[in-house]
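These notes are about the structure you will find just below.
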Number of protein chains: 2
Amino acid sequence: MRRQAIRDDGTIDDGVSDLGHAVKSAVSRLYSRFRSERPDGDLGDGALEVLALLDRGGPQTLTALSEHHRVTPASMSQTVNRLASVGYAVRARDPDDGRRVIIRATPMGKRLSQAARTRRNAWIDDRLGELSDDERETLAAAAVILKRIADA
Amino acid sequence: MRRQAIRDDGTIDDGVSDLGHAVKSAVSRLYSRFRSERPDGDLGDGALEVLALLDRGGPQTLTALSEHHRVTPASMSQTVNRLASVGYAVRARDPDDGRRVIIRATPMGKRLSQAARTRRNAWIDDRLGELSDDERETLAAAAVILKRIADA
DNA sequence: TATTGTTATACTCTATAACTATA
DNA sequence: TATAGTTATAGAGTATAACAATA
């Protein structure tokens, strides 16, 4: 009889090739954990990621933002609405193409983005500090691969 | 002058220790990608993950489900409402403690869960198939570490 | 006509607050 | 009193459909 074990997520580990599930499960669980460890009072994830891109990558059109974050332009327009309503971003017409809208972070939005990044990385930084050097190297290598897959 | 590069997410890679950001960014980007690659017609992520746990891990109390998924009992109660409203899960009173509610997947819910898992792993399985053996080993090792961090 | 963006509407998932029922 | 669960309400984030403005 084959050895079986119930994983933390309730699925069965039967020893068969199952890397896809392992990666998806680890990513989903860790993403949930990031959410539950999120400091109160911050913007939501979507809005903060858009603000970070505007802060560090410069002004962007709505379409560029929506493609980068893999959401529809309609969804991104609403995220920009949220950022604009609290003064963290502003819209301006593109002078070269009146159909385009250029979105940029305000100085207040940039300050918020930078402060939030430090706050929100605190939890994962603490966890990584508890690992061995070998484990950190593994994660550094894996992060590169995962990023490449995500952006392919 | 220090070499700098703008990352895909718009932040600056200044070569300084930054593993926390790399991991968080890779996980967030990949999670977004999972969402955008999700087949139409499936349940949402939260509901499907609960259904998978009920299918493979057996019946659970509401509190157990909410703790496993790191959400409030109130949130989990609503996710169970969604599953129950379409016939994928049912509630029953715990005969030993009338305060408790036992939630279990119906046969239809179990079938849906198993079919959905295959559908939803198809994208990541394809991507992993394009990697080298070394890269897959790195991801397998990283998945274990990330899972441990997420569940700590 | 094609492209860019917006608004209206709706669904999922989450939270807090206030509540009921049982121990 | 403490524990287990629910409902009401609200907000973020997502989608599709229908629309306006510009190229």
Side-chain angles (χ1 to χ4, degrees), chain A residues 28-29 31-51 59-86 88-104 116 120, chain B residues 28-29 31-51 59-86 88-104 116 120:
Chain A
S28 297
R29 296 279 296 170
Y31 188 85
S32 297
R33 188 65 188 261
F34 284 144
R35 192 200 314 113
S36 76
E37 298 291 340
R38 185 162 73 210
D40 281 357
D42 270 352
L43 290 170
D45 275 319
L48 204 48
E49 282 165 22
V50 169
L51 197 57
Q60 313 271 331
T61 65
L62 185 85
T63 296
L65 288 177
S66 74
E67 288 176 351
H68 186 88
H69 289 267
R70 296 185 188 277
V71 298
T72 62
S75 293
M76 185 53 66
S77 186
Q78 296 167 77
T79 296
V80 171
N81 283 344
R82 286 193 295 276
L83 287 172
S85 72
V86 288
Y88 292 153
V90 290
R91 285 177 167 95
R93 231 57 221 198
D94 183 336
D96 298 331
D97 184 340
R99 296 172 302 181
R100 287 194 164 89
V101 171
I102 309 293
I103 297 118
R104 60 184 171 78
R120 296 173 77 139
Chain B
S28 297
R29 296 280 296 170
Y31 188 85
S32 297
R33 188 66 188 261
F34 283 146
R35 192 197 315 113
S36 75
E37 297 292 339
R38 186 161 74 210
D40 281 357
D42 269 353
L43 290 170
D45 274 319
L48 204 47
E49 281 165 22
V50 169
L51 197 56
Q60 313 271 333
T61 64
L62 184 86
T63 296
L65 288 177
S66 74
E67 288 176 351
H68 186 88
H69 289 267
R70 296 184 188 277
V71 298
T72 62
S75 293
M76 185 52 66
S77 185
Q78 295 168 78
T79 296
V80 172
N81 283 346
R82 286 193 294 276
L83 288 172
S85 71
V86 287
Y88 293 153
V90 290
R91 285 177 167 96
R93 232 54 224 201
D94 183 337
D96 297 331
D97 184 339
R99 295 171 302 181
R100 288 193 162 90
V101 171
I102 309 293
I103 297 117
R104 60 185 171 76
R120 297 173 76 139

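Lettering of chains follows the sequences in order, A, B, ..., and the numbering in each one begins at 1.
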Salt bridge (charged side-chain N to carboxylate O under 4.0 Å, His left out) involving B/Arg33 - partner list, sequence neighbours excluded =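 With neighbours one apart ignored, the set is B/Glu37.
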
Sequence-distant partners of A/Arg99, salt bridge (charged side-chain N to carboxylate O under 4.0 Å, His left out), two or more places apart | A/Asp97

Length of the line joining [X]:[atom1] and [N]:[atom2], which is rounded to integer Å:
| X | N | atom1 | atom2 | result |
| --- | --- | --- | --- | --- |
| B/Leu43 | D/dA15 | CG | P | 17 Å |
| A/His69 | D/dA15 | NE2 | P | 13 Å |
| A/Leu83 | D/dG11 | CG | C1' | 15 Å |
| A/Asp45 | D/dT14 | CG | C1' | 14 Å |
| B/Arg91 | D/dT7 | CZ | C1' | 11 Å |
| B/Arg100 | D/dA2 | CZ | P | 17 Å |
| B/Asp94 | D/dG5 | CG | C1' | 13 Å |
| A/Arg70 | D/dA15 | CZ | P | 12 Å |

Taking side-chain hydrogen bond (donor to acceptor under 3.5 Å, both in side chains) as the test, write out the residues that go with A/Ser77, two or more places apart.
-> A/Arg91

Please list, chain by chain and in numerical order, all residues satisfying side-chain hydrogen bond (donor to acceptor under 3.5 Å, both in side chains) with A/Ser75, sequence neighbours excluded.
->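 Result, side-chain hydrogen bond (donor to acceptor under 3.5 Å, both in side chains) vs A/Ser75: A/Thr72.
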
Looking at D/dA15, D/dT6, D/dA4, which one has an atom nearest to any side-chain atom of B/Leu62?
->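 Minimum distance to the B/Leu62 side chain belongs to D/dT6.
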
Rounded to the nearest 0.5 Å, what separation is found between the CG atom of A/Asp94 and the OG1 atom of A/Thr61?
-> 8.5 Å

Does OP1 or OP2 of D/dT7 have a side-chain N or O of B/Asn81 closer than 4.0 Å?
-> yes

Distance below 4.0 Å between B/Thr63 side-chain N/O and D/dG5 OP1 or OP2 =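 True: B/Thr63 side-chain N/O within range (under 4.0 Å) of D/dG5 OP1/OP2.
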
Answer with base, sugar-phosphate or nothing: what part of the nucleic acid does A/Arg38 contact at a heavy-atom distance below 4.0 Å?
->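 Nothing: the residue A/Arg38, judged by heavy atoms under 4.0 Å, touches no strand.
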
NA contact type, A/Arg82, heavy-atom cut-off 4.0 Å: base, sugar-phosphate, or nothing?
-> base

Pairs flagged by salt bridge (charged side-chain N to carboxylate O under 4.0 Å, His left out) wherever residues 62-84 of chain A is involved - sequence neighbours left out | none

How would nucleotides 16-23 of chain D be written as a contact map, 5' to 3', with B for base contact, S for sugar-phosphate-only contact and - for no contact, using protein heavy atoms under 4.0 Å?
-> BB----BS

Of A/Ser77 and A/Ser32, whose nearest nucleotide on DNA chain C comes first from the 5' end?
-> A/Ser77

Could you walk me through whether A/Phe34 and A/Asp45 pass side-chain contact (heavy atoms from CB on, under 4.5 Å), step by step?
-> CA-CA 10 Å; A/Phe34 284 144; A/Asp45 275 319; 5.9 Å; no

Pairing residues for B/Arg104 by the side chain to side chain contact (heavy atoms under 4.5 Å, CB included) criterion, not counting sequence neighbours =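 B/Arg104 satisfies side chain to side chain contact (heavy atoms under 4.5 Å, CB included) with B/Pro59, B/Val90 only.
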
Set of side chain to side chain contact (heavy atoms under 4.5 Å, CB included) partners for A/Pro95, sequence neighbours left out =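 By the side chain to side chain contact (heavy atoms under 4.5 Å, CB included) rule, A/Pro95 matches no residue at all.
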
If you pin A/Thr79 and B/Thr61 to their nearest nucleotides in DNA chain D, which one's is more 5'?
-> B/Thr61

Shoot me the first and last contacting nucleotide of DNA chain C against chain A, ordered 5' to 3', at under 4.0 angstrom to non-hydrogen atoms.
->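 Terminal contacting nucleotides, 5' to 3': C/dT3 to C/dT14.
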
Do the non-hydrogen side-chain atoms of B/Leu48 and B/Arg120 ever get within less than 4.5 Å of each other?
->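 The answer is yes; the side chains approach within 4.5 Å.
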
